[in-house]
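Hydrogens, waters and symmetry mates are skipped; everything else that's a heavy atom, side chains included, is used. Please read all numbers here as calculations on a predicted model, not as lab measurements.
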Amino acid sequence: NVSVAESPAEQMNVSLFPNPANNMISFHISSVHASVVNVYDVTGKNIGSYKLENQQLNIDTSLFPEGVYLYSIVGNENTVFSRGKFEVVR
């Protein structure tokens, strides 16, 4: 059981496109403190953890089944900076 702390102290801009996605989704994050994007399906199952590089990330969604996915943007010590959702369509 892992607990996470919400961090409201830092305002973070998250740009993610295209949404809905087909084969690729791109994240651009304004915070240098964010390090990982965790992706979950609607049941809460972790689909993957993706490391940000230079506050950016491209995720290949070509093998994701169609549907809605949730994400959390996490920094060091499991601090959650932001949460949201995106959709994969074919």
Got a donor-acceptor contact below 3.5 angstrom from the R90 side chain to the P65 backbone?
no
N/O donor-acceptor pair under 3.5 Å between Q55 side chain and H28 backbone
no
Gap between atom CG of N54 and atom CD1 of I29 - 0.5 Å precision
12.5 Å
Looking at every non-hydrogen atom in both residues, tell me the closest pair between F81 and V74 and how far apart they are.
CD1-C, 4.1 Å
Centroid-to-centroid, F27 to Y71, below 6.0 Å?
yes
Backbone of S62 reached by a side-chain donor or acceptor of D60 within 3.5 Å:
yes
So which atom in T61 and which in M24 form the shortest heavy-atom distance, rounded to 0.1 Å?
OG1-N, 3.2 Å
Tightest non-hydrogen contact, residues I25 and P18, listed as CD1-O, 3.5 Å
Side-chain donor-acceptor distances from residues 38-46 under 3.5 Å, at least two apart:
residue: N38; atom: OD1; partner: S49; partner atom: OG; Å: 2.6
residue: D41; atom: OD1; partner: T43; partner atom: N; Å: 2.9
residue: D41; atom: OD1; partner: T43; partner atom: OG1; Å: 2.6
residue: D41; atom: OD1; partner: G44; partner atom: N; Å: 3.2
residue: D41; atom: OD1; partner: K45; partner atom: N; Å: 3.0
residue: D41; atom: OD2; partner: T43; partner atom: OG1; Å: 3.4
residue: N46; atom: OD1; partner: G48; partner atom: N; Å: 2.7

Check whether any side-chain N or O of E66 sits under 3.5 Å from a backbone N or O of V89 as a donor-acceptor pair, and report yes or no.
no
Work out which heavy atom in K85 is nearest to a heavy atom in L70; give both atom names and the distance.
CB-CD2, 3.8 Å
Would you say the side-chain atoms of N76 pair up with the backbone N or O of H33, donor to acceptor, closer than 3.5 Å?
no
